[in-house]
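Here it is, the structure in full.
Numbers here simply count residues along the sequence, with the first being 1.
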Amino acid sequence: MRRHVQAALLLLTGSAVLHISVLSQVYLRYVKEGLRPFLVASAVVLLLLGVIGAVRDGLPFAPRRTAGEETDHGRADHGQAADDEQADDERTADEHQHGHGHGHGHDSGPRVAWLLFLPVLALLLYAPPALGSYTAARETDNAVARVAEFDPLPEADPAPLALSGFIARVQQDRDRSLAGRTVLMTGFVTPAKDRAGTWYLTRLVVSCCAADSRSLRVRVHGVPAPPADTWVTVTGTWHPGGGGALGTATAPVAVDARTVRRVAEPVNPYQDTTPLLP
């Protein structure tokens with residue numbers, strides 16, 4: 001990869017990062033919202049480096065020479081032809097001696113560097129989606145923070161809850177606030193391969209970026225599974241079968257669904273928020 005192509009790659013990379021972090025909210029598929037300023041700063045640095053490299057290499061147009069300069073350079077080139085040929089021979093011999101004779105000069109990088117264009121073009125043309133059921137099906141995390149005291153649920157049903165809030169109440173709330181209550185939760189569908197007739201309502205949450213994601217899953221009974229990765233809102237009651245009593249660590253994290261309604265994917269898919277009532 002020659003130097004002017006390296007400059008173009010820096011410009012494209014900076015533009016792609018700026019596009020997903022400033023002109024859209026696509027960056028939320030990959031990192032937390034708080035990292036946005038760092039993405040913007042990185043994009044600006046890449047653009048500046050690309051501009052410096054482009055100016056250094058005379059992009060987009062190499063400097064044009066006058067007729068007099070062309071004549072002078074022609075004479076100088078003719079006078080130095082023999083010296084250049086000798087220098088080339090010496091340089092070629094030196095490259096072979098040091099193991100650098102690979103068909104490219106020192107101002108060009110390895111050919112594998114061309115692969116760097118692929119993720120850049122992907123961000124510009126088709127940004128990869130957020131993580132979904134494929135990742136969630138391979139994780140068993142359902143750990144939520146310890147809650148010292150739970151706020152009372154709304155008096156009217158259904159009570160909207162984040163998945164983390166539902167899980168915490170099922171396994172930590174000694175007052176059994178979920179007993180007899182109808183709840184409303186939102187997440188995406190993950191198939192359950194271990195038990196027929198059930199599926200998981202799922203959320204993925206991140207601490208920094210998609211690479212450290214962990215899953216929150218609630219098993220759904222009573223309603224056929226929509227297609228995997230479909231975002232839905234589920235209304236139902238706690239499912240008591242197959243585990244300990246409500247409010248204990250062994251209580252099943254499950255729900256008997258009454259209704260399942262398809263909804264749009266949220267802008268920030270990694271934020272486990274309390275859904276709004278329809």
Determine, step by step, whether L121 and L123 satisfy the side chain to side chain contact (heavy atoms under 4.5 Å, CB included) criterion, reporting the C-alpha distance in whole Å, the side-chain angles of both residues, the deciding distance to 0.1 Å, and the verdict.
-> CA-CA 5 Å; L121 293 176; L123 287 178; over 6 Å; no
Side-chain heavy atoms under 4.5 angstrom apart, residues restricted to Ile, Leu, Val, Met, Phe, Trp, Tyr: same cluster for F38 and V31?
-> yes
May I ask you to decide if G244's main-chain N or O and T248's side chain share a donor-acceptor pair within less than 3.5 Å?
-> no
Hey, is the main chain of P252 close enough, under 3.5 Å, to the side chain of W238 for a donor-acceptor pair?
-> yes
S177 versus R181, closest heavy-atom pair with distance = O-CG, 3.3 Å
Any side-chain heavy atom of T135 sitting closer than 4.5 Å to one from S213?
-> yes
Following the transitive rule for hydrophobic clusters with a side-chain heavy-atom cut-off under 4.5 Å over Ile, Leu, Val, Met, Phe, Trp and Tyr, establish whether L201 and L216 coincide in one cluster.
-> yes
Sequence neighbours left out, cut at 3.5 Å: what donor-acceptor pairs do the side chains of residues 124-134 make with other protein atoms?
{"from": "S133", "atom 1": "OG", "to": "D229", "atom 2": "OD1", "distance (Å)": "3.0"}
{"from": "S133", "atom 1": "OG", "to": "D229", "atom 2": "OD2", "distance (Å)": "3.2"}

Pairs under 3.5 angstrom only: tabulate donor-acceptor contacts from the side chains of residues 271-278 to other protein residues two or more places apart or in another chain.
{"from": "Q271", "atom 1": "OE1", "to": "N268", "atom 2": "ND2", "distance (Å)": "3.4"}
{"from": "D272", "atom 1": "OD1", "to": "L163", "atom 2": "N", "distance (Å)": "3.2"}
{"from": "D272", "atom 1": "OD2", "to": "S164", "atom 2": "N", "distance (Å)": "2.9"}
{"from": "D272", "atom 1": "OD2", "to": "S164", "atom 2": "OG", "distance (Å)": "2.6"}

Measuring from R261:CZ to T259:OG1, what's the distance to the nearest 0.5 Å?
-> 8.0 Å
CD1-OG distance between I20 and S15, expressed to the nearest 0.5 angstrom = 12.0 Å
For V17 and L39, the nearest pair of non-hydrogen atoms, with its separation, is CG1-O, 3.4 Å
Check: P191 main-chain N/O paired with Y200 side-chain donor or acceptor under 3.5 Å = no
Any chance CD of E33 has more than 12 other-residue heavy atoms, nucleotides or ligands included, within less than 6.0 Å?
-> no
Please say which of V218, V223, T235 ends up in a side chain to side chain contact (heavy atoms under 4.5 Å, CB included) with V255.
-> V218
Report yes or no: do D256 and H239 form a side-chain donor-acceptor pair below 3.5 Å?
-> yes
Are L35 and Y27 connected in a single hydrophobic cluster, I mean Ile/Leu/Val/Met/Phe/Trp/Tyr linked by side-chain heavy atoms less than 4.5 Å apart?
-> yes
N/O donor-acceptor pair under 3.5 Å between R262 side chain and T230 backbone = no
Can a donor-acceptor pair be found between the side chains of R219 and T198 at a distance below 3.5 Å?
-> yes
Is it true that V26 and V267 fall in one hydrophobic cluster, defined by side-chain heavy atoms closer than 4.5 Å?
-> yes
Do the side chains of V183 and L246 join up, straight or via other hydrophobic residues, at under 4.5 Å, putting them in one cluster?
-> yes
What one should report as the nearest heavy-atom pair of W199 and A192 is CA-CB, 3.8 Å
No-hydrogen, no-angle side-chain donor-acceptor test under 3.5 Å, T182 and R258 | yes
Could you go through the side chain to side chain contact (heavy atoms under 4.5 Å, CB included) check for F166 and L184 one step at a time?
-> CA-CA 10 Å; F166 179 81; L184 181 145; over 6 Å; no
Exactly one candidate in I52, L10, L11 meets side chain to side chain contact (heavy atoms under 4.5 Å, CB included) with L47; the answer is L11
Does some side-chain heavy atom of L153 sit less than 4.5 Å from a side-chain heavy atom of L178?
-> yes
Taking only residues two or more places apart in sequence or in another chain, which ones pass ring-ring contact (aromatic ring centres under 6.0 Å, His included) with F188?
-> W231
Minimum heavy-atom separation for G247 to R174, with atom names?
-> O-NH1, 3.0 Å
Verdict with supporting geometry, V205 and Y270, side chain to side chain contact (heavy atoms under 4.5 Å, CB included) = CA-CA 5 Å; V205 293; Y270 301 127; 5.7 Å; no
May I ask you to check whether T202 and R217 show a side-chain donor-acceptor distance below 3.5 Å?
-> no
Taking all non-hydrogen atoms of both residues into account, name the closest pair between R169 and D151 and its distance.
-> NH2-O, 2.6 Å
Start with the C-alpha gap between L23 and L18, add the side-chain angles, then the distance that decides, and say whether side chain to side chain contact (heavy atoms under 4.5 Å, CB included) holds.
-> CA-CA 7 Å; L23 302 181; L18 208 61; over 6 Å; no
Looking only at heavy atoms, the pair that brings A16 and V120 closest together is CB-O, 4.0 Å
Does the side chain of V253 reach to within under 4.5 Å of the side chain of Q171, using non-hydrogen atoms?
-> yes
Close side-chain approach of R203 and T186, heavy atoms under 4.5 Å = yes
